[in-house]
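Below you'll find the structure, written out as structure tokens, and then a few comments.
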Amino acid sequence: MMYSSNLAKEHKNSLNLEESSTLPQIRGVIFDMDGVITDTIEYHYQTWQQLADEEGIPFNREANEELRGLSRRDSLIKMLGDREIFEEKIQELLDRKNRYYLEFIQTMNSDQLLPGVENLLNELRAANIKTGIASASQNVHRVVDRLGIRDRIDVITNVYNVNRPKPAPDVFVYAAEELGLLPRECLVIEDAESGIEAALAAGMWVVGLGPGDRVGQAHIVLPNLEGVHWSDLLLAIQSLR
Ligand code: BG6
Ligand code: MG
């Protein structure tokens, strides 16, 4: 089921479409990775939980939700709250968390693609629409390789290619530049509030995956990509005019 929010309509005005009689031309789709292409959110949860237990830091699934979309470092800082620790210790914790996470990645294969993703990637190729992944993860290249979709992705970027992490627009702007597209020619698919904020700030069209209280700011909100076709997304964007 698709719907567009009022906020989405206001945002559309900011894209200056009222002045144009032409339909939006989407030439590229930029995917977030964790929670959109694959469900690594569970792996991130389990590895943060292990670290938190070892360090005696209170943590649970609910707290993990707050970390969705944040970089590894920003996630740790949020987990630590008021605790003051030295930079060396921060680095050790980040490295340890990633060691645990890398063990999960080793077990991944194309079975971990979320429903609908492979079909959508194939439809985008057939429609000559460019594709990118813009992720907060430093492991993005490894995960894409494990999933076996590299041949259908034109550009892969992560927040370490740019100065500011999501919710700043940088990673999406950078991905669009790498694709040779204008922001308004790009559609972003995101599952995190910080990522939606980033994509809107970049001036792009946004599909939010998940509950409305998390992704309701997006132009289109869907539970996930299962059974979603490129033609559906295009029609939904064009109907926002
Ligand atoms: C984001 C995830 O995509 O990447 C976060 O939503 C994760 O949960 C972040 O912490 C960083 O990932 P990594 O692989 O660099 O630790
Ligand atoms: Mg995500």
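Numbering of ligands and ligand atoms starts at 1, following listing order. Below, each value reflects all heavy atoms present in this structure, side chains not excepted, and no hydrogens, waters or symmetry copies.
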- Only one of Asn119, Leu120, Leu121 clears side chain to side chain contact (heavy atoms under 4.5 Å, CB included) with Val117; which? Leu121

- Message: Using every non-hydrogen atom in the two residues, find where Arg68 and Ser194 come nearest and quote the distance to one decimal.
- Response: O-OG, 3.8 Å

- Query: Below 4.0 angstrom, N of the basic side chain to O of the carboxylate: do Arg72 and Asp95 qualify?
  - Reply: no

- Item | 2.8 Å shell around the Mg ion (ligand 2), exclusive bound, protein N/O/S atoms | 3

- Query: Using heavy atoms and a threshold below 4.0 Å, how should the contact between Asn158 and ligand 1 be classified: side chain, backbone, both, or neither?
  - Reply: neither

- Using heavy-atom distances, let me know which of Ala136, Ala192, Ser75, Ser135 sits nearest atom 11 (C) of ligand 1. Ala136

- Task: Any atoms of ligand 1 less than 4.0 Å from a non-hydrogen atom of Gly69? List them with their elements.
- Result: 2 (C), 5 (C), 6 (O)

- Item | Atoms of ligand 1 close to Tyr101 [distance to a heavy atom under 4.0 angstrom, numbered from 1] | 14 (O)

- Query: Are Asn122 and Glu118 close enough that a side-chain donor and a side-chain acceptor fall under 3.5 Å?
  - Reply: no

- Task: Could you check if a side-chain atom of Val36 sits within less than 4.5 angstrom of a side-chain atom of Leu114, using non-hydrogen atoms only?
- Result: no

- Ion pair check, Arg83 and Glu55, cut-off under 4.0 Å: no

- Please confirm whether Ser71 comes within less than 3.5 Å of ligand 1 when only nitrogen or oxygen atoms on both sides are compared. no

- Note on the structure: Judged by heavy atoms only, the candidate from Arg73, Arg72, Glu65 nearest atom 16 (O) of ligand 1 is Arg72

- Does Asp34, backbone or side chain, put an N or O under 3.5 Å from an N or O of ligand 1? yes

- Message: Give the atom numbers and elements of ligand 1 that come within less than 4.0 Å of a heavy atom of Asn139.
- Response: 13 (P), 14 (O)

- Item | Within residues 143-193 or reaching into it, pairs that qualify as ring-ring contact (aromatic ring centres under 6.0 Å, His included) - sequence neighbours excluded | none

- Query: Of all the heavy atoms in Met33, does at least one lie under 4.0 Å from an atom in ligand 1?
  - Reply: no

- Task: Classify the angle between the aromatic ring planes of His219 and Trp205 as parallel (below 30°), tilted (30 to 60°) or perpendicular (above 60°).
- Result: tilted

- Message: Using a 4.0 Å cutoff against the non-hydrogen atoms of Gln138, which atoms of ligand 1 qualify?
- Response: 13 (P), 14 (O), 15 (O)

- Message: Distance alone, cut at 3.5 Å: any donor-acceptor contact between the side chains of Gln50 and Gln46?
- Response: no

- What protein heavy atom is closest to atom 13 (P) of ligand 1, reported as residue, atom name and distance in Å? Ser137 OG, 3.5 Å

- Message: Holding to ring-ring contact (aromatic ring centres under 6.0 Å, His included), I want the full list of residues that pass it with Phe104, two or more places apart in sequence or in another chain.
- Response: Tyr43

- Which pairs, with at least one residue in residues 70-101 and sequence neighbours excluded, count as a ring-ring contact (aromatic ring centres under 6.0 Å, His included)? His44-Tyr101

- re atom 5 (C) of ligand 1, the protein heavy-atom contact at minimum distance is Leu70 O, 3.4 Å

- Query: Does Ile156 belong to the same Ile/Leu/Val/Met/Phe/Trp/Tyr cluster as Met108, with side-chain heavy atoms less than 4.5 Å apart forming each link?
  - Reply: yes

